[in-house]
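All values reported here derive from a predicted model rather than from experimental measurement.
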Amino acid sequence: MIKQFLKLSILGLSNYLVIFLSSDIDIEQLVKDFEKVNIYITKSNVVYFIICSIVPIVTLLLIQFFKPFIEMYLTHYLKYNFYFLINLLSLSTVYMVFRIYGYSRFYLLMYLISSTLFLNLADKYFR
């Protein structure tokens, strides 16, 4: 449980850094979608927190879903690639569904690399 909370916290914090450091981030479409269901959010930090909470949750759910593949094949081969693809899939899915535009591609790439390394190290040391 602590391991999952640590993963959730670090992935969420690093995703928040991607959004916060991106100068041209556009969350207007997500705010409009919330307003359609009578949820009015006036502060952008709340929207950032929602996005940064959902990305690591989707990442951890995908890792749990694909866990049999990790155990059978990826234990010795391409584990870094697997975590990279899981992070890319979860990040791109959430950003596309929420229609988040204007993020910095450099910070996004840094997020993907750092989260891949973190998940691999966490998997190695928290067994």
Side-chain angles (χ1 to χ4, degrees):
M1 187 67 165
I2 294 174
K3 176 177 120 174
Q4 298 292 51
F5 181 73
L6 181 66
K7 286 182 179 180
L8 189 74
S9 300
I10 291 179
L11 291 174
L13 179 66
S14 59
N15 191 12
Y16 183 78
L17 286 174
V18 169
I19 292 174
F20 186 72
L21 293 175
S22 297
S23 60
D24 296 329
I25 195 82
D26 182 16
I27 56 170
E28 184 178 335
Q29 292 296 323
L30 182 60
V31 172
K32 286 181 181 179
D33 289 341
F34 281 140
E35 289 173 355
K36 287 180 184 177
V37 292
N38 294 328
I39 300 173
Y40 298 98
I41 300 173
T42 57
K43 298 195 179 219
S44 60
N45 283 337
V46 174
V47 178
Y48 293 167
F49 180 74
I50 292 170
I51 296 165
C52 296
S53 300
I54 292 177
V55 169
I57 290 171
V58 171
T59 302
L60 295 177
L61 286 174
L62 285 173
I63 288 173
Q64 288 299 321
F65 182 74
F66 290 116
K67 196 154 196 103
F69 299 108
I70 295 173
E71 300 299 326
M72 290 187 306
Y73 177 71
L74 297 172
T75 304
H76 302 290
Y77 308 107
L78 302 173
K79 202 165 201 177
Y80 287 105
N81 292 347
F82 177 74
Y83 284 133
F84 186 83
L85 289 175
I86 291 292
N87 284 318
L88 183 63
L89 178 66
S90 62
L91 188 71
S92 63
T93 301
V94 171
Y95 279 23
M96 283 184 353
V97 167
F98 287 160
R99 295 183 286 181
I100 307 300
Y101 304 114
Y103 46 83
S104 169
R105 286 164 187 82
F106 174 74
Y107 292 126
L108 193 69
L109 184 62
M110 296 307 295
Y111 168 79
L112 290 171
I113 292 170
S114 64
S115 61
T116 300
L117 291 173
F118 169 72
L119 287 173
N120 197 14
L121 290 174
D123 190 36
K124 192 180 294 185
Y125 290 116
F126 290 129
R127 282 191 178 217

Looking only at the side chains, is there a donor atom on one of Thr59 and Ser90 sitting less than 3.5 Å from an acceptor on the other? yes

Assess, by modelled atom type and distance only, whether the side chains of Tyr80 and Asn120 contain a donor and an acceptor separated by less than 3.5 Å. yes

Ile27 vs Ile51, side-chain contact (heavy atoms from CB on, under 4.5 Å): CA-CA, chis, key distance, verdict: CA-CA 10 Å; Ile27 56 170; Ile51 296 165; 4.2 Å; yes

Taking all non-hydrogen atoms of both residues, which atom of [X] and which atom of [Y] are closest, and how far apart?
X	Y	result
Phe98	Ile54	CZ-CD1, 3.5 Å
Lys7	Leu60	CD-CD2, 3.8 Å
Gln29	Tyr101	CG-CE1, 4.5 Å
Tyr40	Glu35	CD2-CG, 3.6 Å

Ser22 side chain to Ser104 main-chain N or O, any donor-acceptor pair under 3.5 Å? yes

Would you call [X] and [Y] a side-chain contact if the rule is heavy atoms closer than 4.5 Å?
X	Y	value
Ile50	Phe34	yes
Lys79	Asp123	yes
Phe118	Tyr83	no
Gln4	Gln64	yes
Val55	Leu11	no
Asn45	Tyr16	yes
Leu17	Tyr107	no

Does [X] share a hydrophobic cluster with [Y], counting links as ILVMFWY side-chain heavy atoms below 4.5 Å and allowing steps through other members?
X	Y	answer
Ile113	Leu13	no
Leu21	Leu91	yes
Ile39	Phe49	no
Ile100	Val46	yes
Val58	Tyr48	yes

Quick check for you: to the nearest 0.5 Å, what is the distance between [X] atom [atom1] and [Y] atom [atom2]?
X	Y	atom1	atom2	result
Phe84	Ser115	CZ	OG	8.5 Å
Leu88	Leu109	CG	CG	10.0 Å
Lys3	Leu8	NZ	CG	13.5 Å
Ile86	Leu62	CD1	CG	5.0 Å
Leu119	Asn87	CG	CG	5.5 Å
Leu117	Leu112	CG	CG	11.0 Å

Should we say atom CD1 of Ile2 is surrounded by more than 12 heavy atoms from elsewhere, each under 6.0 Å from it? no

What's the verdict on side-chain contact (heavy atoms from CB on, under 4.5 Å) for Tyr103 and Tyr95, showing C-alpha distance, side-chain angles and the deciding distance? CA-CA 10 Å; Tyr103 46 83; Tyr95 279 23; 3.5 Å; yes

Please step through salt bridge (charged side-chain N to carboxylate O under 4.0 Å, His left out) for the pair Asp33 and Arg99, ending with a clear verdict. CA-CA 10 Å; Asp33 289 341; Arg99 295 183 286 181; 2.5 Å; yes

